[in-house]
Amino acid sequence: MERMMTRIIVALDDLSVNDALSLAEKLSGEDVVFKANDLLDDKGPEIIAELGKYGGVMADPKFHDIPNTVKNRIKKYVIYGPNFITVHASGGIPMMKAAVENRGDSNILAVTVLTSLSEDDCKSIFGGSVKDKVFQYAINALSAGVQGIVCSPKELVFLSEVPELKKLIKVT
C-alpha cells in the first residue's frame, strides 16, 4: 500500500482573530496547516500572512462564481501566500481553470460534495448519488488542473482505485 502524506489541518472555525493566532502560535510547526474560513470574513485575506508565521495555511473561502470573478478573487488571495485555496468543484471546469491559472504558488483544492449533504440532498441538488458526484467532480478537477480535492474520508477508498486520480492531493 502506498504511503499517505499525513499533515494535520487545524480548523480555526468560530474563533476570534486573537484566539486563532494564539492557538496557531501554540501549535506552530512545519507539519501543521491552519484552515481559515470565517476568519477570512473577520480579518480579510490578510489573516493568511499572519497565520503563515506559524505553519501552512488553507484559505477556505470555497469560491463558486463565474470564472472571471473567481480569477480576480484568487489573485487577491495568493499575494498573502496560502498553501491552499478552496473552490467548489460544482462551479465547473472553466471556473476551476481560472483559479488554477491565477494560483501563483498556492495549490487549488476543489471541494467535491459537502459532507453535510445527505444522499437525498445530493440527488436533489446535483442529480446523482454522493459517490457518483464526488467521482465526477474529482475527474473534472483533474481536467481543470487543480492540485487536489476536498472529500469525505469515506470516499478515499474508491477514489484511490482510480489510477489517474492518484496524483490529486486529497484533503478530508
Side-chain angles (χ1 to χ4, degrees), residues 4-5 7-13 20 32-53 55-117 121-122 125-128 130-153 155-156 159-160 162-172:
M4 292 176 42
M5 179 172 100
R7 230 174 159 181
I8 296 173
I9 299 176
V10 178
L12 301 175
D13 300 345
V32 66
V33 173
F34 300 102
K35 181 179 78 79
N37 184 297
D38 54 329
L39 283 172
L40 298 168
D41 297 328
D42 295 340
K43 181 81 175 182
E46 297 86 6
I47 192 69
I48 296 166
E50 292 181 51
L51 290 169
K53 296 173 188 171
V57 179
M58 177 179 165
D60 188 33
K62 295 181 186 80
F63 291 133
H64 185 279
D65 212 318
I66 63 171
N68 195 56
T69 299
V70 169
K71 173 187 83 166
N72 293 337
R73 304 239 7 238
I74 291 287
K75 286 194 302 191
K76 293 193 183 281
Y77 272 63
V78 298
I79 60 176
Y80 296 101
N83 300 78
F84 305 99
I85 304 172
T86 60
V87 300
H88 271 288
S90 61
I93 293 172
M95 185 207 74
M96 289 187 284
K97 279 184 177 180
V100 169
E101 290 167 4
N102 293 280
R103 72 182 182 92
D105 293 329
S106 300
N107 294 295
I108 301 298
L109 299 175
V111 176
T112 57
V113 175
L114 296 174
T115 56
S116 61
L117 295 179
D121 291 336
C122 188
I125 296 166
F126 300 120
V130 171
K131 184 176 179 180
D132 289 346
K133 297 315 289 185
V134 168
F135 178 75
Q136 176 193 349
Y137 289 150
I139 293 294
N140 289 353
L142 185 67
S143 175
V146 303
Q147 290 66 50
I149 59 171
V150 179
C151 62
S152 162
E155 292 138 9
L156 290 176
L159 290 171
S160 70
V162 183
E164 59 265 37
L165 297 179
K166 287 193 186 287
K167 70 180 185 176
L168 287 176
I169 298 166
K170 290 161 194 85
V171 174
T172 62

Output the distance between atom [atom1] ([X]) and atom [atom2] ([Y]), rounded to the nearest 0.5 Å.
| X | Y | atom1 | atom2 | result |
| --- | --- | --- | --- | --- |
| E101 | I74 | CD | CD1 | 11.5 Å |
| N140 | I149 | CG | CD1 | 11.0 Å |
| K71 | K97 | NZ | NZ | 15.0 Å |
| K167 | I169 | NZ | CD1 | 11.5 Å |
| L12 | N37 | CG | CG | 10.0 Å |
| Y77 | N102 | OH | CG | 15.0 Å |

Chi angles and distances behind the side-chain contact (heavy atoms from CB on, under 4.5 Å) call for F126, L117
CA-CA 11 Å; F126 300 120; L117 295 179; 3.8 Å; yes

I'd like to know if the side chain of [X] and the backbone of [Y] have a donor-acceptor N/O pair within less than 3.5 Å.
| X | Y | answer |
| --- | --- | --- |
| K170 | L168 | yes |
| T115 | S152 | no |
| S106 | F84 | no |
| N107 | N83 | yes |

Considering all heavy atoms of both residues, which atom of [X] and which atom of [Y] are nearest to each other, and what is their separation?
| X | Y | result |
| --- | --- | --- |
| T86 | P61 | OG1-N, 3.4 Å |
| E164 | L142 | O-CD2, 3.4 Å |
| A144 | M96 | CB-CB, 3.5 Å |
| D38 | D13 | OD1-CA, 3.4 Å |
| K133 | C122 | CG-SG, 3.8 Å |
| L51 | A20 | CD2-O, 4.4 Å |

Indicate yes or no: at least one non-hydrogen side-chain atom of S90 is less than 4.5 angstrom from one of H64.
yes

Below 4.5 Å, heavy atoms only, C-beta onward: do L159 and V134 meet side chain to side chain?
yes

Test log, rule side-chain contact (heavy atoms from CB on, under 4.5 Å), inputs F135 and V162:
CA-CA 9 Å; F135 178 75; V162 183; 3.7 Å; yes

Evaluate whether atom NZ of K62 has more than 12 neighbouring non-hydrogen atoms of other residues, nucleotides or ligands under 6.0 angstrom away.
yes

Give a yes or no on whether D41 atom CG has more than 12 heavy-atom contacts from other residues, nucleotides or ligands under 6.0 Å away.
yes

When you look at H88 and L114, which way does the side-chain contact (heavy atoms from CB on, under 4.5 Å) test go after all the steps?
CA-CA 9 Å; H88 271 288; L114 296 174; 3.9 Å; yes

Decide yes or no on side-chain contact (heavy atoms from CB on, under 4.5 Å) for V32 and V10, but give the supporting numbers first.
CA-CA 7 Å; V32 66; V10 178; 3.7 Å; yes

